[in-house]
Amino acid sequence: MSTAVWAFVGVVVGGLLTVAAQATAESLKARAAVRARQDQRERASREFQRDTLIELQAAMADYRAALVRDRSQILPLRSTETQLSAARSRYQMLVHRVSSPPAREAALQWEVAALPWFQGDDAGTAAAEAEAWETAMRITGEAVRATD
C-alpha cells in the first residue's frame, strides 16, 4: 500500500476515535448531570418534608391552644370559633403533606384523642390526649431529624 492510502486510513481511524471519545465524554457528562438533578430533587424533597413537619408541629400546637380556648368558654365567641377553624384547617392541610406514615398517623391519632376530651365527650380523657400529644410530638420530631 502506498503512503497516501496509509495516510487516508490514519485520518479515518483518527476521526472515528475522536468521535467515539467525544460521544463517551458527552455520555458521561449527561449521566453526571442526571445524578446531580436527582440529588438536587432529593435534597429539595427532604427540605420540604422537614419544613412541613416543623410547620405541622406548630399547627398542632396552635390547634391544641384553640381547643383549650374553646373549651374554657361557656359560650364560644366568634373569634374563638374562627381561630379554631383556621387552626384545624392548617393542621389538616399539613398532616396530609407529610410523607412519613408514622408521623402522619401519630398526628391523626392525637386529633382522635383530643377532640373528645376538649369537646367534653365522656369518651375522652386528659391522659389519653396528653399521651397522644407526647407520642405525636416525639414521632414528628424523629421524622424531622431523619430528614437531616
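Source: prediction; values computed, not measured. Nothing fancy with the numbering, it's 1 onward along the sequence.
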Q: Could you check if a side-chain atom of R31 sits within less than 4.5 angstrom of a side-chain atom of V34, using non-hydrogen atoms only?
A: no

Q: Is it true that S99 and Q49 share a donor-acceptor pair across their side chains at a distance under 3.5 Å?
A: yes

Q: So if you build clusters from Ile, Leu, Val, Met, Phe, Trp, Tyr with side-chain heavy-atom gaps below 4.5 Å, do L84 and V68 land together?
A: yes

Q: For residues 55-63, dump all side-chain donor-acceptor pairs below 3.5 Å to protein atoms at least two apart in sequence or in another chain.
A:
unit_1, atom_1, unit_2, atom_2, d
Q57, NE2, M137, O, 3.4
Q57, NE2, T140, OG1, 2.8
D62, OD2, R90, NH1, 3.1
Y63, OH, R88, NE, 3.0
Y63, OH, E111, OE2, 2.8

Q: Heavy atoms, side chains only, cut-off 4.5 Å: are W6 and V11 in contact?
A: no

Q: Minimum heavy-atom separation for V112 and P116, please, with both atom names.
A: O-CD, 3.0 Å

Q: What pair of heavy atoms forms the shortest contact from A136 to A106, and how long is it?
A: CB-O, 3.5 Å

Q: According to a 4.5 Å side-chain heavy-atom criterion applied to Ile, Leu, Val, Met, Phe, Trp and Tyr, with indirect links allowed, do L115 and M93 form part of one hydrophobic cluster?
A: yes

Q: Within a 6.0 Å radius of atom CD on Q92, are there more than 12 heavy atoms belonging to other residues, nucleotides or ligands?
A: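 Yes, CD of Q92 has more than 12 neighbouring heavy atoms, counting only those of other groups under 6.0 Å.
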
Q: If the condition is salt bridge (charged side-chain N to carboxylate O under 4.0 Å, His left out), which residues does E26 pass it with, not counting sequence neighbours?
A: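 Residues passing salt bridge (charged side-chain N to carboxylate O under 4.0 Å, His left out) with E26: K29.
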
Q: If every non-hydrogen atom of W110 is compared with every non-hydrogen atom of L67, which pair is closest and at what distance?
A: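 Smallest interatomic distance, heavy atoms only, reads CH2-CD1, 4.3 Å.
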
Q: Just by distance, do the side chain of R104 and the backbone of V98 share a donor-acceptor pair under 3.5 Å?
A: yes

Q: Do S45 side-chain atoms and R41 backbone N/O form a donor-acceptor pair below 3.5 Å?
A: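 No; zero donor-acceptor contacts below 3.5 Å.
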
Q: List for me each residue that meets side-chain contact (heavy atoms from CB on, under 4.5 Å) alongside V19, sequence neighbours excluded, and say none if there are none.
A: none

Q: Could you tell me which residues satisfy salt bridge (charged side-chain N to carboxylate O under 4.0 Å, His left out) with R64, sequence neighbours excluded, listed by chain and number?
A: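 Salt bridge (charged side-chain N to carboxylate O under 4.0 Å, His left out) check on R64 returns E129.
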
Q: Who are the side-chain contact (heavy atoms from CB on, under 4.5 Å) partners of Q40, not counting sequence neighbours?
A: R43

Q: With salt bridge (Lys or Arg N to Asp or Glu O under 4.0 Å) as the rule and sequence neighbours excluded, what pairs involving residues 75-84 come up?
A: none

Q: Taking T147 for its side chain and V144 for its backbone only, find out whether a donor-acceptor pair lies under 3.5 Å.
A: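 Yes; judged by distance alone, with no hydrogens or angles, the pair exists.
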
